[in-house]
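Here is the structure we will look at, set down as structure tokens.
Values below: all heavy atoms of this structure, side chains included; hydrogens, waters and symmetry mates excluded. We number each residue from 1, following the sequence as shown.
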Amino acid sequence: MSPPLLKLGAVLSTLAMISNWMSQTLPSLVGLNITRLSTSDTLTQISPKEGWQVYSSAQDPDGRCICTVVAPEQNLCSRDAKSRQLRQLLEKVQNMSQSIEVLNLRTQRDFQYVLKMETQMKGLKAKFRQIEDDRKTLMTKHFQELKEKMDELLPLIPVLEQYKTDAKLITQFKEEIRNLSAVLTGIQEEIGAYDYEELHQRVLNLETRLRDCMKKLTCGKLMKITGPITVKTSGTRFGAWMTDPLATEKNNRVWYMDSYTNNKIVREYKSITDFVSGAESRTYNLPFKWAGTNHVVYNGSLYFNKYQSNIIIKYSFDTGRVLAQRSLEYAGFHNVYPYTWGGFSDIDLMADEIGLWAIYGTNQNAGNIVISQLNQDTLEVMKSWNTGYPKRSAGESFMICGTLYVTNSHLTGAKVYYSYSTKTSTYEYTDIPFHNQYFHISMLDYNARDRALYAWNNGHQVLFNVTLFHIIKTEDDT
């Protein structure tokens with residue numbers, strides 16, 4: 001309750017107390033007796049000869065105290081004790097009346113103040129309601145600014161805490177930098193002792209020796225997959241990107257094919273750097289739509305599966321023409337035998353150190369994977385191998401040195417689970433995990449030149465490094 005209302009209540013309570021006191025005390029002051037009735041609270045009438053009689057006390061509408069008194073007959077002596085008491089009582093009543101008048105004035109003033117405050121409170125209440133109703137439109141900007149400031153400040157708290165922890169590390173770093181500077185200075189002095197041309201020749205000789213060593217490496221067996229390295233984030237969840245494993249060292253073109261269907265546009269970039277920056281060098285409009293994401297660029301041509309068919313197309317980037325097309329006999333298509341993620345991934349075209357391959361499923365092989373080596377010019381099947389691994393249970397697959405490696409899923413937790421060697425026509429179950437960083441892989445192909453796996457990982461173009469077990473040829477080997 002507000003202070004004005006408390007004041008008004010106190011005034012009314014005081015008036016009631018005064019009224020009650022007068023009704024009880026006034027007769028006793030003049031020596032009169034009052035007889036109360038227990039039921040009606042009215043006073044028994046006494047003859048005027050017997051003395052003063054107070055009939056009632058009340059308050060008028062303005063809050064004033066009203067007393068009803070019957071005076072005795074005027075036959076008493078003015079010097080009588082009761083007369084003196086009466087005069088004293090009248091003086092007290094007058095004093096009380098004056099006090100009551102003052103209280104009345106204060107009450108009227110406080111009442112007006114209460115009315116004014118009530119009006120102001122109603123106005124404030126209306127304003128608060130208006131603000132509450134309109135706060136989304138009137139205050140959103142201010143709230144958002146405050147929130148942004150708080151969001152900017154909140155990260156500073158752990159940073160400031162980290163500063164305390166990093167203080168010692170910074171000191172250590174300074175000391176290590178001093179030591180490193182001293183080491184670099186020593187190395188610089190040592191290098192300065194050699195002639196630049198001599199150093200350059202030594203580097204060239206080392207590069208030549210490394211290339212000779214690489215040539216002696218035979219095809220290796222997959223041992224480990226590391227990464228990925230995120231090259232770029234672009235496109236839809238599904239797509240393919242690749243380089244040519246038979247391209248020269250100076251030719252680092254990248255080809256980009258977004259989506260798994262309803263598309264014929266191939267984008268070309270001169271290098272990985274241009275690919276990352278989005279600087280296209282050329283765009284090709286294929287004569288047919290492709291199906292799936294398992295295309296391959298090999299020796300300057302694009303090999304892809306024609307939409308809603310088991311036909312393989314060879315398209316030349318140099319001439320912009322279809323050089324060959326052939327139906328892959330018995331191969332399922334249009335989501336008959338896709339990988340686990342679907343997307344018309346029935347026919348997977350790939351290349352490795354040995355040549356060009358097609359991976360697919362057939363009814364004749366009960367929907368299990370069939371490996372076919374293709375002639376890169378005519379697309380004729382040179383040889384096929386029937387495996388026992390269901391095509392629809394494979395997440396993705398890739399060829400390395402004539403061995404097919406199959407993953408068990410396209411989702412998180414995927415690993416290379418199965419391998420089949422075309423050299424020995426044998427298979428084995430493997431356990432080679434890899435990090436599916438973006439949770440959904442729709443393309444995974446090996447590039448023999450880069451010795452890396454190219455992947456389309458949920459709208460991210462990534463690279464995985466592979467570790468192969470090699471056997472180095474010696475001069476005595478035939």
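Applying the side-chain contact (heavy atoms from CB on, under 4.5 Å) rule to I432 yields the partners L222, I225, V416, T430; only residues at least two apart in sequence or on another chain are considered. Taking the side-chain contact (heavy atoms from CB on, under 4.5 Å) definition, one finds that T403 meets it with Y405, S419, S421, sequence neighbours left out.
Annotation for Y420 and N386: closest pair OH-O, 4.1 Å, computed over non-hydrogen atoms. The minimum heavy-atom distance between P228 and Q437, with the atom names listed, is CG-OE1, 3.4 Å. Listed here is the closest heavy atom pair of T233 and T230: OG1-CG2, 4.2 Å. Between S442 and F238, the shortest heavy-atom contact is OG-CA, 3.4 Å. The shortest heavy-atom contact between A358 and L349 is CB-CD2, 3.8 Å. Between A351 and Y298, the closest heavy-atom pair is CB-CD1, 3.4 Å.
Within 6.0 Å of OH on Y417 lie no more than 12 heavy atoms contributed by other residues, nucleotides or ligands. Around atom OH of Y438, more than 12 heavy atoms belonging to other residues, nucleotides or ligands sit under 6.0 Å away. Within 6.0 Å of NZ on K232 lie more than 12 heavy atoms contributed by other residues, nucleotides or ligands.
No donor-acceptor contact under 3.5 angstrom links the side chains of S281 and D274, judged on distance only. No side-chain donor from either of Y337 and N368 sits under 3.5 Å from a side-chain acceptor of the other. For S397 and Y339, the side-chain atoms include at least one donor-acceptor pair closer than 3.5 Å. S234 and Q461 are linked by a side-chain donor-acceptor pair at a separation below 3.5 angstrom, with hydrogens and angles left out of the test. Under the 3.5 Å distance criterion, with hydrogens and angles disregarded, a donor-acceptor pair is assigned to the side chains of D450 and Y454. Remark: the D352 side chain and the W357 side chain contain an N/O donor-acceptor pair separated by less than 3.5 Å.
Of the inter-residue distances, the one linking D348 atom CG with M399 atom CE reads 10.5 Å to the nearest 0.5 angstrom. We find the CD-CG distance between Q376 and N299 to be 5.0 Å, quoted to the nearest 0.5 Å. Distance check, rounded to the nearest 0.5 Å: CD of E396 to CG of N436 gives 11.0 Å. Interatomic distance, L379 CG to S327 OG, rounded to the nearest 0.5 Å: 11.0 Å. In this structure, the separation between OG on S372 and OH on Y360 is 2.5 Å, given to the nearest 0.5 Å. Residue M350 holds its CE atom at 12.5 Å from NE2 of H295, rounded to the nearest 0.5 Å.
Aromatic pair F344/F333: centroids not less than 6.0 angstrom apart.
In this structure, the side chains of N294 and F304 stay at 4.5 Å or more apart for every pair of heavy atoms. Between S301 and K314, the closest side-chain pair of non-hydrogen atoms falls below 4.5 Å. Proximity of N262 to W290: side-chain heavy atoms (C-beta onward) are nowhere separated by under 4.5 Å. Using a 4.5 Å cut-off on side-chain heavy atoms (C-beta onward), W255 and F317 make contact. Proximity of L463 to V231: side-chain heavy atoms (C-beta onward) are separated by under 4.5 Å at one or more points. With a 4.5 Å cut-off on side-chain heavy atoms, V322 and F288 count as touching. Taking the side chain as every heavy atom from C-beta outward, R237 and W456 never approach each other to under 4.5 Å. Side-chain contact check for K224 versus T226: some heavy-atom pair is nearer than 4.5 Å.
A salt bridge is absent between R253 and D244: the closest approach of a Lys/Arg side-chain nitrogen to an acidic carboxylate oxygen does not fall below 4.0 angstrom. The existence of a salt bridge linking R449 and E353 is excluded, since no basic side-chain nitrogen approaches an acidic carboxylate oxygen closer than 4.0 Å. The pair D258-R267 fails the salt-bridge criterion, with no side-chain N (NZ, NE, NH1 or NH2) lying under 4.0 Å from an Asp/Glu carboxylate O.
Aromatic ring orientation, H334 versus Y307: perpendicular (interplanar angle above 60°, classes split at 30° and 60°). Using the six-membered ring where Trp is involved, W241 and F275 have ring planes that are parallel, under 30° apart on the 30 and 60° scheme. Using cut-offs of 30° and 60° on the angle between ring planes, the pair W341 and Y260 is perpendicular.
Judged by distance alone, with hydrogens and angles left aside, the side-chain atoms of N458 form no donor-acceptor pair with the main-chain N or O of F439 at under 3.5 Å.
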Evaluate V370 against T387 for side chain to side chain contact (heavy atoms under 4.5 Å, CB included), listing each step before the verdict.
CA-CA 6 Å; V370 176; T387 75; over 6 Å; no
Pair T243, N251 - check side chain to side chain contact (heavy atoms under 4.5 Å, CB included), show working.
CA-CA 9 Å; T243 59; N251 184 354; over 6 Å; no
